[in-house]
2 protein chains.
Amino acid sequence: MRAGRKEGPPVAVTIKDVAKRANVAASTVSRVIANSSKISPGTARRVREAITELDYNPNYHARSLVKNTTNTIGIVMPRSAQSTFQNPFFPEVIRGITSEIHDKDIGMYLSTGQTEDEIYNEVVKMVVESRVDGIILLYSQENDRIMPFLLEKNFPFVLIGRPSAQLDQISYVNNDNVKAGGMLTEYLLLLNHKKIGFIGGNENSMVTKDHLEGYSNALAKRAVPFREEYVVYREEIKEGGQEAAIELMSLSSPPTAIIAADDMMAFGVLRMIQDMNKKVPDDVSIVSFNNFMLSELSTPPLTTVDIHIFDLGARAAESLVDLMYSGNKDIQHTIVPHHLVKRESCTVWN
Amino acid sequence: MRAGRKEGPPVAVTIKDVAKRANVAASTVSRVIANSSKISPGTARRVREAITELDYNPNYHARSLVKNTTNTIGIVMPRSAQSTFQNPFFPEVIRGITSEIHDKDIGMYLSTGQTEDEIYNEVVKMVVESRVDGIILLYSQENDRIMPFLLEKNFPFVLIGRPSAQLDQISYVNNDNVKAGGMLTEYLLLLNHKKIGFIGGNENSMVTKDHLEGYSNALAKRAVPFREEYVVYREEIKEGGQEAAIELMSLSSPPTAIIAADDMMAFGVLRMIQDMNKKVPDDVSIVSFNNFMLSELSTPPLTTVDIHIFDLGARAAESLVDLMYSGNKDIQHTIVPHHLVKRESCTVWN
DNA sequence: TTGTAGGCGTTATCAG
DNA sequence: CTGATAACGCCTACAA
C-alpha cells in the first residue's frame with residue numbers, strides 16, 4: 001500500500017516572494033542565501049530583512065532536485081535489530097552518529113524494513129531515488145545483497161562491523177573482535193579457569209566468528225583443549241542467555257566460566273545460574289562484551305569489555321561525511337579500541 | 001556548518017529515458033506508474049518493460065516537489081533522549097512506529113538536535129521546508145515552543161504523552177499515568193507498607209506529575225499521610241536511582257518500599273540497597289514503571305507496570321497517518337492500557 | 001553586481 | 001487513450 005495524497009497546508013513562502021519584497025530577482029536572493037561573494041552589502045541586507053520578515057525557508061526538495069544532494073544519510077539496521085531494537089547497541093550507535101552530524105546540517109533517515117527483502121528494497125530506494133547522500137550499514141552478513149548493490153552503484157557507504165569480503169573496497173569501522181575475544185579468554189585462563197563456555201550470537205555474523213577465533217586462539221596458546229560442547233549459539237536477546245546457560249550447565253562437566261555474546265545475554269545467564277542456586281562468581285564466572293549502561297547495576301556487576309559503541313557510530317559518520325562531501329574517496333578502515341572493565345562477576349577458580 | 005556539494009554519481013535514468021525507449025510521452029509513463037485507469041494495455045506493457053529494462057525509479061525529490069508530499073514522518077526526541085537514547089523507552093517506541101508504517105511506504109526521519117534550540121530549529125525545518133508530512137513528538141514539557149509552532153502552522157502531529165494545555169486541539173496517545181501511579185501505590189499499601197518513597201523523573205514532565213498525583217491520591221484514600229521527604233526527583237538515568245536511594249534510605253525513618261520512575265531507576269535503587277547490605281524485597285520493596293525487557297532478568301526480578309511502549313508508538317503512528325492522509329482531521333486521544341507485572345521485588349511488610 | 005532564461009524530474013491540465 | 005505544455009521552487013550559466 002502507498003500513502004495517499006496530502007492536502008497542501010497553507011502554501012509556503014517561496015524565493016519569489018522574498019525577491020518581490022526585496023525588489024530584486026530571485027537569483028539574487030538565491031545568491032545571498034548561498035553567501036555568494038559578489039553581492040552588494042546593501043541588497044544583501046535588504047534581502048536578509050525580507051527573508052526574516054517573511055520567515056522564508058528554501059524548499060528542501062526543490063533544492064535537492066537541482067543540487068542533486070540531500071544532506072541526509074540513511075541508517076540501515078538489521079532485521080533482528082528491528083525486532084529487537086531492544087538491544088542497546090543500536091540506540092547507542094545512533095547516538096554516536098548523531099553526535100557527529102547534528103551540527104553539520106545533516107539529517108538522518110532510518111530504515112524500517114522488517115524482512116530482508118523490505119530492507120533491501122528500502123536501500124535501493126534510498127540510493128536510486130536520491131533520498132540520501134550516503135548510507136551507514138549497521139550490520140554485515142555473508143551473502144548479503146546490499147553491499148554488492150551499493151558497490152555496483154558506486155554509492156558512498158560505511159559499514160559498522162567487518163565485511164566478509166572485498167575488504168579493500170569497503171570503508172568500515174570495527175573493533176578488533178578477535179583480540180577482544182582473546183583477551184577475555186586469557187583473562188579467564190589467568191583466573192585459573194580451564195572449562196570456559198562460549199555463548200555466541202548469530203552464528204553467521206562476523207562478530208561472533210571473530211570472538212570465537214579469539215577464544216580458540218587463546219585456548220590453544222595455553223594448551224587448553226577446545227571443546228565443541230562448550231560452544232553454543234543463541235540469537236534471541238531475551239531468552240537466549242537463559243537457554244544457553246541451561247545447555248551449558250547441564251553438561252556432565254559444566255564450565256566454570258562463561259563468555260556471553262553481550263551483556264544482554266549475560267543478564268540471562270546470570271539470572272539462570274542464580275535460579276539454579278549457584279553463585280556468581282563463586283560457582284561460575286561470567287564475562288561478556290559491550291558494557292551496556294546497565295551492566296554496572298546488575299547483581300553482581302558485570303565484568304565486560306567496553307567496545308565504545310558510541311565511537312563506532314561517531315567514527316562511521318565521520319568517515320561517511322568524508323566520503324560524501326570531501327571528494328576524498330579513499331577507503332578507510334577504522335579500528336575502535338576496546339578495554340576490559342573489571343567488576344564482580346569473575347573470580348579465581350580454586 | 002553546512003555540508004558541501006556532492007559529486008553526482010552516474011546520472012540516473014529519468015522518466016524521459018523510459019518514454020523514449022517505449023516510444024511514448026513522459027506523461028504516459030507517469031500515468032502507468034500512477035496506475036491511471038485510462039491507458040491501453042498494450043502501451044502499459046511496453047512502458048513497464050522499458051521501466052524494468054532501464055531499471056527506472058522515479059526521483060523522490062521531483063515527485064515530492066510537485067505533489068507536495070514526502071511520504072515520510074519526522075520523529076522528534078527530547079534532548080535528554082539524545083544524551084540517553086540509552087533509555088529503552090525510545091527505541092521501543094520507534095519499534096512501534098516502525099511496525100505501523102513499514103508496509104505503507106512511509107519513511108522515518110529522526111531529529112538529531114542536542115539542545116532545545118537545535119531541536120526546535122529542526123522541527124521548523126521539517127515543516128517549513130516540507131521535509132515531512134507529519135510529526136510524532138516523543139515528549140511534552142511545559143512552556144515548550146514546538147507544539148505552539150506546529151499548532152500555528154496547522155501541521156499534522158501527534159504527541160506521545162500528555163499535553164500540558166490545549167488538550168482539545170492536540171492528538172495524543174498516552175497511558176493513564178495517574179491511574180498507574182495510583183495502582184502501584186495501592187498495591188504497596190495492600191502489602192501493608194505505610195512508608196513509601198517516590199522517585200520521580202524530570203519534575204516538570206507530565207508523566208512524573210501524573211504518577212505523583214496517583215501516588216498521593218492513593219495515600220489519601222487510605223488515610224496515610226503524604227510526606228514531603230519521601231518524594232525525590234532524579235533525571236540522570238544511570239546514577240539517578242542510586243542517588244535517590246541514598247537520599248531516601250538515609251532519612252531518619254526510611255521508607256520500606258520505593259516507587260521508581262522507571263525500571264532503569266529501579267536498577268540503580270536495587271544496586272544501592274544491596275550495597276547497603278539490605279535485602280530486596282525483605283528489607284525494602286521496589287516497584288517501578290515500564291517493564292523493560294531486562295526487568296525480568298534482574299536479581300530479584302522487578303515488579304513493574306507494563307505500559308506497552310510498543311503500542312504507544314504504533315497507535316501514535318496510526319493516528320498520524322490518519323491525520324496526514326485520510327482527510328480526517330479529528331483530534332484523537334488514545335489511552336493505551338497498562339497492567340501490573342508482579343515479580344519478586346515486593347513483599348508484605350510485617 | 002544584478003537580471004533573464006533555462007533546466008532539475010515529476011505530475012497535472014488541456015487538447016486532440 | 002495519448003501528447004504537449006505548464007507548473008513545482010530553486011540554482012546557475014550567460015548577459016547586461
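Order of the sequence lines sets the chain letters (A, B, ...), proteins ahead of strands, with each chain counted from 1.
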A:Ala34: side-chain contact (heavy atoms from CB on, under 4.5 Å) partners, not counting sequence neighbours |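 Applying side-chain contact (heavy atoms from CB on, under 4.5 Å) to A:Ala34 gives none.
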Across all chains, not counting sequence neighbours, the side-chain contact (heavy atoms from CB on, under 4.5 Å) partners of A:Asp322 are A:Ser326, A:Asn328, A:Gln332
Looking at [N], I'd like to know if its phosphate oxygens (OP1 or OP2) sit under 4.0 Å from a side-chain N or O belonging to [X].
{"X": "A:Ser30", "N": "D:dC11", "value": "yes"}
{"X": "B:Thr28", "N": "D:dT2", "value": "no"}
{"X": "A:Tyr60", "N": "D:dC8", "value": "no"}
{"X": "A:Thr14", "N": "D:dC8", "value": "no"}

Mind checking if [X] touches a base, just sugar-phosphate, or nothing, with heavy atoms under 4.0 Å?
{"X": "A:Val29", "value": "nothing"}
{"X": "A:Asp17", "value": "nothing"}
{"X": "B:Ser64", "value": "nothing"}

Verify the neighbour count for atom CG of A:Asp168: are there more than 12 heavy atoms of other residues, nucleotides or ligands below 6.0 Å?
-> yes
Rounded distance (Å) that lies between atom [atom2] of [N] and atom [atom1] of [X]:
{"X": "A:Arg131", "N": "C:dT10", "atom1": "CZ", "atom2": "P", "value": "13 Å"}
{"X": "A:Lys67", "N": "D:dC10", "atom1": "NZ", "atom2": "P", "value": "13 Å"}
{"X": "B:Ile15", "N": "D:dT2", "atom1": "CD1", "atom2": "P", "value": "15 Å"}
{"X": "A:Lys16", "N": "D:dC10", "atom1": "NZ", "atom2": "P", "value": "9 Å"}
{"X": "A:Lys20", "N": "C:dT4", "atom1": "NZ", "atom2": "P", "value": "13 Å"}
{"X": "A:His61", "N": "D:dC10", "atom1": "NE2", "atom2": "C1'", "value": "13 Å"}
{"X": "B:Arg63", "N": "C:dA12", "atom1": "CZ", "atom2": "C1'", "value": "14 Å"}
{"X": "A:Ile51", "N": "D:dC10", "atom1": "CD1", "atom2": "C1'", "value": "13 Å"}

Short heteroatom pairs, N/O only, protein and nucleotides 4-7 of chain D, under 3.5 Å:
from  : atom 1 : to      : atom 2 : distance (Å)
D:dA4 : N6     : B:Ser27 : OG     : 3.2

Residue pairs fulfilling ring-ring contact (aromatic ring centres under 6.0 Å, His included) with at least one residue in residues 94-118 of chain A, sequence neighbours excluded | none
Would you be so kind as to tabulate the donor-acceptor pairs closer than 3.5 Å made by side chains of residues 44-60 of chain A, with sequence neighbours excluded?
from    : atom 1 : to      : atom 2 : distance (Å)
A:Arg45 : NH1    : A:Glu49 : OE2    : 3.0
A:Arg46 : NE     : A:Ala22 : O      : 3.3
A:Arg46 : NH2    : A:Ala22 : O      : 3.1
A:Thr52 : OG1    : A:Arg48 : O      : 3.3
A:Thr52 : OG1    : A:Glu49 : O      : 2.8
A:Glu53 : OE1    : A:Arg21 : NE     : 2.8
A:Glu53 : OE1    : A:Arg21 : NH2    : 2.4
A:Asn59 : OD1    : A:His61 : N      : 2.7
A:Asn59 : OD1    : A:Ala62 : N      : 2.8
A:Tyr60 : OH     : A:Thr70 : O      : 3.1

Taking only residues two or more places apart in sequence, or in another chain, which ones meet A:Glu100 in a salt bridge (charged side-chain N to carboxylate O under 4.0 Å, His left out)?
-> A:Lys104, A:Arg315
Not counting sequence neighbours, which residues clear ring-ring contact (aromatic ring centres under 6.0 Å, His included) with B:Phe157? List them please.
-> none
Taking ring-ring contact (aromatic ring centres under 6.0 Å, His included) as the test, write out the residues that go with A:Tyr139, two or more places apart.
->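 Per chain and number, A:Tyr139 pairs via ring-ring contact (aromatic ring centres under 6.0 Å, His included) with no residue.
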CG of B:Leu312 to OG1 of B:Thr334: how many Å apart, nearest 0.5 Å?
-> 9.5 Å
Just compare C:dG3, D:dC10, C:dG9 and give me whichever is closest to any side-chain atom of B:Asn59.
-> C:dG9
Between the axis at one end of the helix from C:dT1-D:dA16 to C:dG16-D:dC1 and the axis at the other (five pairs apiece), what's the angle to 10 degrees?
->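 So the angle between the two local helix axes works out to 40°.
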Does a side-chain N-to-carboxylate-O contact under 4.0 Å join B:Glu122 and B:Lys125?
-> no
By nearest-heavy-atom nucleotide on DNA chain D, the more 5' of A:Ile33 and B:Pro41 is B:Pro41
